Amino acid sequence: MQETARRITALRGHVFQFRGDPFCDDPARMLTDWPDGLIICENGIITEIGQATALLKSLPDDAVVFDHSGKFILPGFVDCHAHYPQTEVIASYGAQLIEWLNKYTFPAEAKFCDPDYARHAADVYLQQNFANGITSASVYCTIHPESVDAIFEQASRYNMRIAAGKVMMDRNAPDNLRDTAKTGYDQSKALLEKWHGQGRTTYSITPRFAPTSTPEQLEATGALWKEHPEVLLQTHTSENRQELEWVGDLFPEHPDYVGVYEHFGLLGKGCVLGHGIYLNDREKALLHETGTSVAHCPTSNTFIGSGLFDVRGAHFSHQPFRVGLATDVGGGSSFSMLTTMRTAYEIAQLQGYSLHPVQAYYLATVGSAKTLYQEDRIGNIKVGMEADFAVIDPLSTGLIRHRMAYTTGVIEQLFVQMILGDDRAIAATYVDGEQVYLQSGTRTALEFTS
Ligand code: GUN
Ligand code: ZN
């Protein structure tokens with residue numbers, strides 16, 4: 001039998017690791033860092049982390065070393081809720097959720113019946129992810145099976161850990177964007193059987209949200225998840241007040257919005273609900289009891305004017321639930337997870353809570369991985385975990401360089417990055433131990449410590 005080639009890569013730089021949950025313990029103590037660190041990876045898995053000078057001696061001759069000395073090496077960002085077909089409508093003016101869907105989103109999504117169009121859009125989307133340090137995402141496609149093939153095919157070229165699924169909608173959508181309870185089920189099942197577990201791909205059953213599915217479709221969706229509990233499920237909930245009223249009208253027999261999903265068996269470990277801004281206590285308790293997660297989408301919530309998610313309440317109530325951070329592109333206004341963290345900070349500030357920088361980075365990495373129940377593989381830099389990294393140039397703009405000169409420690413420096421940084425701060429991105437993005441012209445020297 002032929003042996004598979006051993007592939008060893010190593011990254012040198014200022015390495016950061018989460019040692020615990022900053023929502024449970026003192027956030028300032030939840031980071032370990034190696035200012036001159038080395039991460040060694042074999043076949044896409046982290047095998048060693050430590051002081052560079054010591055570890056470099058033990059590196060085999062065939063190792064490829066990427067030197068990012070002076071830059072911050074973080075776990076790759078995990079975007080736990082995004083719509084790749086909406087990349088072309090990001091920054092669309094002047095509408096809130098329902099009008100925004102009808103006016104901008106549905107016309108864009110209708111184009112994804114064309115596999116070539118879908119393949120190109122999927123590539124554009126993934127390149128934007130890499131340029132922003134995002135190495136994993138949970139992605140909504142469109143109702144077209146071709147749109148699902150496109151994103152999985154493109155992500156597989158990089159062996160990226162991605163979750164995605166065919167959107168199911170059988171009412172309250174244009175004719176060319178509706179399936180039926182039966183075709184939605186059949187197509188999702190076929191795609192799931194084709195893609196789930198191929199390399200690093202995960203299938204996510206994707207009913208868009210309660211208003212665009214009939215009870216029959218939600219019933220079929222629940223049946224499919226019951227047959228395949230190994231896959232994920234994603235949908236939206238409680239994002240916008242008009243949407244809440246609409247759900248009340250469409251499903252008067254259920255106590256609340258999450259109650260609809262509860263009734264059809266759509267809650268549980270591996271279910272990621274987008275937004276969750278207007279959850280009542282009963283709904284929060286259900287999330288806690290069932291292990292259901294929420295994707296906090298801050299730039300979307302401000303851009304489409306939806307409301308303010310209560311990140312403090314989600315973590316510190318007597319019934320906490322899992323929360324990750326998400327761009328929600330194209331309702332969200334940025335691919336940058338740094339910008340997303342900044343907006344999460346601002347939304348928390350508006351509610352009297354100052355999200356700690358370590359908590360913000362945690363939400364964008366471990367937190368999002370936890371929503372997907374993949375925290376044993378992605379979202380942190382630990383031996384045995386998958387080798388996905390974001391490399392941050394801490395001096396990416398003139399203002400940041402100036403501000404960094406007045407910082408007193410790494411936590412303040414990380415805060416400055418998430419408030420002032422954007423895609424210019426992403427020096428490089430690694431997926432499966434390989435470089436998938438390198439920003440040209442990034443600095444290498446560390447100029448702000450003295
Ligand atoms: N609710 C249902 N569909 C969508 C969508 O595409 N984007 C957002 N932000 N909310 C939704
Ligand atoms: Zn969304």
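Ligands are counted one by one from 1 in listed order, and the atoms in each one are counted from 1 as well. Residue indices begin at 1 and follow the sequence shown. Model, not experiment: these values are computed from the prediction.
- Looking at Glu245 and Arg241, no side-chain N of the basic residue comes within less than 4.0 Å of a carboxylate O on the acidic one, giving no salt bridge.
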Write none if no such pair exists; otherwise list each N/O atom of ligand 1 with its protein N/O partner under 3.5 Å and the distance.
unit_1	atom_1	unit_2	atom_2	d
ligand 1	3 (N)	Arg208	NE	2.8
ligand 1	6 (O)	Gln86	NE2	2.9
ligand 1	6 (O)	Arg208	NH2	2.8
ligand 1	9 (N)	Glu239	OE2	2.9
ligand 1	9 (N)	Asp328	OD2	2.7
ligand 1	10 (N)	Glu239	OE1	2.7
ligand 1	10 (N)	Glu239	OE2	3.4

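- Between Lys189 and Glu193 a salt bridge is recorded (basic side-chain N to carboxylate O distance below 4.0 Å).
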Exercise for the section: Apply side chain to side chain donor-acceptor pair (under 3.5 Å) to Thr202 and Gln374, showing your working. Expected result: CA-CA 10 Å; Thr202 303; Gln374 295 180 347; 3.1 Å; yes
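- Applying the ring pair (Phe, Tyr, Trp, His ring centres under 6.0 Å) test to His236 and every residue at least two apart in sequence or in another chain returns His81, His83, Tyr140, His275.
- Distances shorter than 2.8 Å separate the Zn ion (ligand 2) from the protein N/O/S atoms His81 NE2, His83 NE2, His236 NE2, Asp328 OD1.
- Salt bridge present: Asp256 and Arg282 bring a charged side-chain N and a carboxylate O closer than 4.0 Å.
- Between Arg403 and Glu412 a salt bridge is recorded (basic side-chain N to carboxylate O distance below 4.0 Å).
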Exercise for the section: Using the side chain to side chain donor-acceptor pair (under 3.5 Å) rule, take Tyr84 and Gln154 through it: C-alpha gap first, then chi angles, then the decisive distance, then the call. Expected result: CA-CA 12 Å; Tyr84 93 84; Gln154 296 288 18; over 6 Å; no
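- In this structure Gln127 satisfies the side-chain hydrogen bond (donor to acceptor under 3.5 Å, both in side chains) test together with Asp123, Tyr158, sequence neighbours excluded.
- Stacking of Arg322 on the aromatic ring of Tyr373 is recorded, both the 6.0 Å distance cut-off and the 45° axial limit being met.
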